[in-house]
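Hydrogens, waters and symmetry mates play no part in the numbers below; they use all other heavy atoms, side chains included.
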Amino acid sequence: MSAKSIMILGTSSHVGKSLLVTALCRIFHQHGISVAPFKSQNMSLNSAATPDGLEIGRAQALQAEAAGIPARVEMNPILIKPTGDMSSQVVVRGKIWGRVTARDYHQRRVEELMPIVRESWETLAREHEVIILEGAGSPAEINLKQHDIVNMRMAEMADAHCILVGDIDRGGVFASLLGTVELLDAEERARIQAFAINKFRGDIALLQPGIEMMEQRLNKPCIGVVPHLPNLLLEEEDSLGLDRTDRIPWPQDSTPDRLLRIAVVALPTFSNFTDFDALATEPSVSLRFTQTPDVLRTADIIILPGSKQTVDDLQWLRETNLADIITTHAQTSLITGICGGMQMLGETIADPEGIERQGTHPGLSLLPIQTTMQPTKLTRLTTGTLTTETLFNQPIPHTTIEGYEIHVGETTRFANAQPFATFTGLNEDGCISPNTRIFGTYLHGLFDDDAFRHTFLRAARAFHHLTEPTTLTPWKQRREESLNRLAAAVEDSWDMPTIFGWLNLPYKRAASE
């Protein structure tokens, strides 16, 4: 028996489609219904590893978490990762498929991949009662519509009941809803069952006349209005969600209980920015994504994050003179590198096969390591332990870590260099400097681990002669609370009996988990 389907479409990117799919997955899961997310094609530099070592979009991994099931590659069979030069790496079924230009992909490659999309959808549909699909961008992108495999064509394949969502926080929500529907074909308009408004602030009574007028113009009901939900500790789909406060100076404060200043370098092809969500929630931390020299100079810790184009981003650091600021900072303070950021901290990055840029390129020479790019990407979930008893010149307890690896480089240490961690299976990872003030690791999601993050913060604050944090965030607990808060807000504000009725399912409000 094939699953019944609901699809969340948006009037544009970043209207909240991903989190609304997440909410619906959690709601159906709470009602005891077997549910799974699906997005046929995702464009994002934010990715995750599945338990069987394949790569999918980070948003689909979160949606699977909300549905109470392991992430799997069928939930996102095509992942497009822009490389910054009008081309993208295309990941199909969790593995690198090729690198193509946007023109080539949309005009020739899409039809080649459609059978894989169909097969992935059918696999999930056989195994679950309900599938919640997510569209991409807008279904009214008429220049791309001929080869669409993620919006209305996918809705037809899944025979999905569609909800069109507009973001009132961006302005022009009624015009965007009406314009989107007007640009659809008659058959496509008929598939849209209702519209919804997201991220509303204020008195809903003032919005009601506009809703009623839209219902008349569209001849479709408003399924509900979701309020703006502040401090929701759940991943954004892409870097549009980044809080860019990078030019604002840190307050002048020399007291020992001030915030720890963490500067994450906002690289041009910054990937997996959600690595730092947990750090940003800590009450003792001020975290900035920045390209501003003065912010970097006054940071307590500089973090070089993951990069889609490591060599190009390293060259950008040199061209902007940020590389000099980082190497100067390293002489007296603290540096961390994650994945591509760790590769930059080494002596050289060799790329003999031209995976990114052919040749051997000098690194920042802050860690005794060298990296060689490989044609095959390593993707896996990982657990391990730190090899060091000292971090940032501070003694630390025995510490376990967990996260996931997604990288194309193989990094080796020079003789006598100390690895940062030992992973399960005795594989050694990364490197830590002899003075323990600089370390690099391939582990994404490292800071999501409460034990490691708290150890990291205590050591960093002690190094800078700051007081120990009085409050530490229980990230994993807070994430679960956020998932339930999101689900409750959507269930409160949407007409769930109608949505369940579309699927011929009985509805009774379930208690939150």
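A donor-acceptor distance shorter than 3.5 angstrom exists from the side chain of R26 to the backbone of A66, with no hydrogens or angles considered. Of the possible donor and acceptor atoms, one in the side chain of H31 sits under 3.5 Å from a partner among the backbone N and O of K508. Panel note: side chain R380, backbone P51; no donor-acceptor pair is recorded below 3.5 Å.
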Practice task
Test T379 against E55 for side-chain hydrogen bond (donor to acceptor under 3.5 Å, both in side chains), laying out the working first.
Solution key: CA-CA 7 Å; T379 307; E55 185 178 13; 4.6 Å; no

Exercise for the section: Please report the C-alpha distance between Q30 and N484 in whole Å, then the side-chain angles of each, then the deciding distance to 0.1 Å, and finally whether the side-chain hydrogen bond (donor to acceptor under 3.5 Å, both in side chains) criterion is met. Expected result: CA-CA 9 Å; Q30 289 174 339; N484 288 333; 3.1 Å; yes

Practice task
Kindly determine whether K81 and S44 satisfy side-chain hydrogen bond (donor to acceptor under 3.5 Å, both in side chains), including the steps that lead there.
Solution key: CA-CA 6 Å; K81 307 186 79 170; S44 179; over 6 Å; no

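In summary, the side chains of E491 and Y507 do present a donor paired with an acceptor at a separation below 3.5 Å, with no hydrogens or angles considered. With no hydrogens or angles considered, no side-chain donor-acceptor pair links Q291 and T320 at under 3.5 Å. Side chain to side chain, Q89 and T83 fail the donor-acceptor criterion of an N or O pair below 3.5 Å. Inspection of the E481 and Q477 side chains reveals an N or O donor paired with an N or O acceptor under 3.5 Å. Under the 3.5 Å distance criterion, with hydrogens and angles disregarded, a donor-acceptor pair is assigned to the side chains of T269 and D313. Side chain to side chain, D294 and T292 fail the donor-acceptor criterion of an N or O pair below 3.5 Å. Using modelled atom types and a 3.5 Å distance limit, the side chains of S286 and W250 yield a donor-acceptor pair.
Taking CZ of R58 as the start and CG of D275 as the end, the distance is 9.0 Å to the nearest 0.5 Å.
You'll find the ring centres of F392 and F463 outside the 6.0 Å limit.
Between F452 and F456, the ring planes are tilted. Angles from 30° to 60° get that label. Ring pair F276/F447 is tilted by interplanar angle, where 30° to 60° counts as tilted.
Taking both residues in full, the closest heavy atoms of V150 and M7 are given as O-CE, 3.0 Å, listed atom of the first, atom of the second, then distance.
Taking a 6.0 Å sphere around CD1 of I142, one finds it holds 12 or fewer heavy atoms contributed by other residues, nucleotides or ligands.
Listed by chain and residue number, nothing satisfies the salt bridge (charged side-chain N to carboxylate O under 4.0 Å, His left out) test with K220 (two or more places apart in sequence, or in another chain).
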